[in-house]
Protein chains: 2
Amino acid sequence: MDYEFISGTELFSGLSAEETREILNISYAYTKLFGKEETVFELGSVTSCAAMVLCGSVRVERPDFYGTVSIISTIGPGEMFAEAYAFAHGEKMMVSAVAAEESEILFIDTEALLESGNITILKNFLKDASMKNLRLSRKIVHTSPKTIRGRVLEYFAYLSQNAGGNEFIVPFSRSRMAEYLSVDRSALSAELSKMRREGIIEFEKNRFRLMVSRRVLT
Amino acid sequence: MDYEFISGTELFSGLSAEETREILNISYAYTKLFGKEETVFELGSVTSCAAMVLCGSVRVERPDFYGTVSIISTIGPGEMFAEAYAFAHGEKMMVSAVAAEESEILFIDTEALLESGNITILKNFLKDASMKNLRLSRKIVHTSPKTIRGRVLEYFAYLSQNAGGNEFIVPFSRSRMAEYLSVDRSALSAELSKMRREGIIEFEKNRFRLMVSRRVLT
DNA sequence: GAAAGTATGTTGTTATAACAACATTTTTGA
DNA sequence: TCAAAAATGTTGTTATAACAACATACTTTC
């Protein structure tokens, strides 16, 4: 196992390669190779292991009610997945994970890890979980308005606040942005153009400017 | 401070009243009284403290882009909030928190808490964060279909799977359910009736039965 | 730098949800 | 138990998004 690499990841930050080796040993962590398109986690299964991609990449996907599969995210080297399921204990996975290419995955049993009692890694897990939490909350905030315009405004208000000015870069292609906001791509394009005509926004490629600001009170 | 009560909460589970007192001492935790409608956390502010309601209750709310405030959740005695912000470190709050009545709130500085090095409480935070994570992910899954029917089916499929049969209780009033799914209440009512006419579901008050099942593959 | 591929924008049509106003049922509490 | 209030259901109208099909612009890459 490449402890150098592993100790360099977010999750193991603050730990030396040697400490990393120790922790993984104590908690019976192991790696497994997956061929392209091989399933890492099955939809509806239960796991007590967090997983980290060491080499390759993993697609996280989910079928809708009618069976159409959509990709939720792609996990690359050093990134983790399934840890929320592992710590929450007993919840069925609402996604499946599939190796997008030949991949090596590290499995860490969270029960054993908690036993090990290493505080640094618990801290790191906690920070990771909290950040994921806020990302999810943000997405909910950005997609709860019922109109495309409402969603765009919520999202842009966030980006704008984040950038510290009224100008910002959207870190998505139009299709990805539409996906993120759960709206149709062409409808999004149309709405953006309409908002531009109305003087609410200006844009050029992915650089946007928000010409109005959030109404607070009354 | 009522250490008996605090040690009985989820967050302090596994800790005696005495241990609880110690941890709170070490980490400089303090309580504060809030009058009805007094603000506990301001929208857009930054906190390094997790908060727990000891007495009373707190409304978590958020204004949309046009200023209309909606209630995200209500926090009661023993429940926590703002901990994701505290652990993620430096993120601006996307909600505000207001005392719904005269309330006593416990503030725990997470930096100090991490210093204390108590593993039990870290575990508890981690489990809490993971469970919240899955709840948020689930909500995203339930609201990403573009039609009311799609959302209802996703939600019902979950409830049904959870109940272990095709019959289940919806733990919301119709208005709350509509809110959860981010759709109009009357439109939801209409869609439920339509689905009943089509034989897709049966229901009587909040007891539902799902007559179709998720299509997997092809 | 031409051709192919991909991303983005446009427009018209259709499906669906929001909204509003009201009817009916259920719950509450005096 | 009755009246009032709250929740739920119904229906028609209007606003909006999805969808489809195509035009245009940008980006590979050979």
Side-chain angles (χ1 to χ4, degrees), chain A residues 64-71 74 100 139-140 142-156 159 168-209, chain B residues 64-71 74 100 139-140 142-156 159 168-209:
Chain A
D64 68 16
F65 195 84
Y66 301 105
T68 308
V69 172
S70 63
I71 296 166
T74 300
K139 174 164 171 141
I140 290 174
H142 296 161
T143 54
S144 31
K146 298 196 187 61
T147 61
I148 295 182
R149 176 169 301 198
R151 295 183 191 188
V152 167
L153 285 173
E154 284 293 349
Y155 182 45
F156 283 6
L159 289 176
F168 49 89
I169 306 284
V170 171
F172 286 132
S173 72
R174 291 290 189 278
S175 330
R176 291 292 182 196
M177 181 178 163
E179 215 166 82
Y180 175 73
L181 296 177
S182 290
V183 300
D184 179 77
R185 180 199 60 77
S186 72
L188 172 61
S189 254
E191 187 63 35
L192 288 174
S193 301
K194 198 171 163 207
M195 290 170 77
R196 165 151 64 186
R197 279 197 303 279
E198 294 177 24
I200 295 168
I201 57 175
E202 293 176 358
F203 63 95
E204 160 74 36
K205 296 262 171 70
N206 281 19
R207 159 163 264 109
F208 285 75
R209 191 191 299 253
Chain B
D64 67 17
F65 194 83
Y66 301 105
T68 307
V69 171
S70 64
I71 296 167
T74 300
K139 173 164 170 139
I140 290 174
H142 296 161
T143 53
S144 33
K146 299 196 187 57
T147 61
I148 295 182
R149 176 169 301 198
R151 295 184 190 186
V152 167
L153 285 173
E154 284 293 349
Y155 181 44
F156 282 6
L159 289 176
F168 50 88
I169 306 285
V170 171
F172 286 131
S173 71
R174 291 291 189 279
S175 330
R176 291 291 181 197
M177 181 179 164
E179 215 165 82
Y180 176 73
L181 297 177
S182 290
V183 300
D184 179 76
R185 181 200 58 79
S186 71
L188 172 61
S189 254
E191 186 64 34
L192 289 174
S193 301
K194 197 171 164 207
M195 289 170 79
R196 165 150 65 187
R197 279 197 303 278
E198 293 178 24
I200 295 168
I201 58 175
E202 293 177 358
F203 63 95
E204 158 74 37
K205 296 264 171 69
N206 282 19
R207 159 162 264 111
F208 285 74
R209 190 191 299 255

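Just so it is clear: chains get the letters A, B, ... in the order the sequence lines come, proteins before strands, and each one is counted from 1. Computed from a prediction, not measured in an experiment: that's the story for all the values here.
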To the nearest Å, how far apart are A:Arg151 CZ and D:dA18 C1'?
12 Å

Distance, rounded to the nearest Å, where B:Glu204 contributes CD and C:dT25 contributes P
13 Å

Which residue, B:Leu188 or A:Asn206, contacts DNA chain C at a nucleotide closer to its 5' end, judged by nearest heavy atom?
A:Asn206

Nearest whole Å is fine: how far is C:dT25 P from B:Arg174 CZ?
15 Å

Can you tell me if A:Ser173 touches the phosphate of C:dT8, counting only side-chain N or O atoms and a distance under 4.0 Å to OP1 or OP2?
yes

Plane angle bin for A:Tyr180 and A:Tyr155 - parallel if under 30°, tilted between 30 and 60°, otherwise perpendicular:
tilted

Would you say B:Arg149 reaches C:dT16's phosphate, i.e. side-chain N/O to OP1/OP2 under 4.0 Å?
no

Any base atoms under 4.0 Å from B:Ser189, or only sugar-phosphate, or nothing? Heavy atoms, all strands.
base

Once you round it to whole Å, what is the distance between C1' of C:dA17 and CE of B:Met195?
15 Å

Between the protein and nucleotides 19-29 of chain D, list every N/O to N/O distance that falls short of 3.5 Å.
unit_1: D:dA20; atom_1: N6; unit_2: A:Ser186; atom_2: OG; d: 3.3

Could you check if a side-chain atom of A:Leu159 sits within less than 4.5 angstrom of a side-chain atom of A:Phe208, using non-hydrogen atoms only?
no

Using only atom types and a distance under 3.5 Å, with no angle test, would you say the side chain of B:Asn206 pairs donor to acceptor with the backbone of B:Phe172?
yes

When we call it a touch if two heavy atoms are under 4.0 Å apart, what does A:Phe172 touch: a base, just sugar-phosphate, or nothing?
nothing

Go nucleotide by nucleotide along DNA chain D from the 5' end; which of A:Ile148 and B:Ala190 gets its closest nucleotide reached first?
B:Ala190

Hey, does the side chain of A:Arg174 reach the backbone of A:Ser189 with a donor-acceptor pair shorter than 3.5 angstrom?
no

Is the count of non-hydrogen atoms from other residues, nucleotides or ligands lying under 6.0 Å from B:Arg207 atom CZ greater than 12?
no

Without decimals, in angstroms, what is the distance between A:Arg176 CZ and C:dA7 P?
9 Å

Step by step, would you call B:Glu154 with B:Arg151 a salt bridge (charged side-chain N to carboxylate O under 4.0 Å, His left out)?
CA-CA 5 Å; B:Glu154 284 293 349; B:Arg151 295 184 190 186; over 6 Å; no

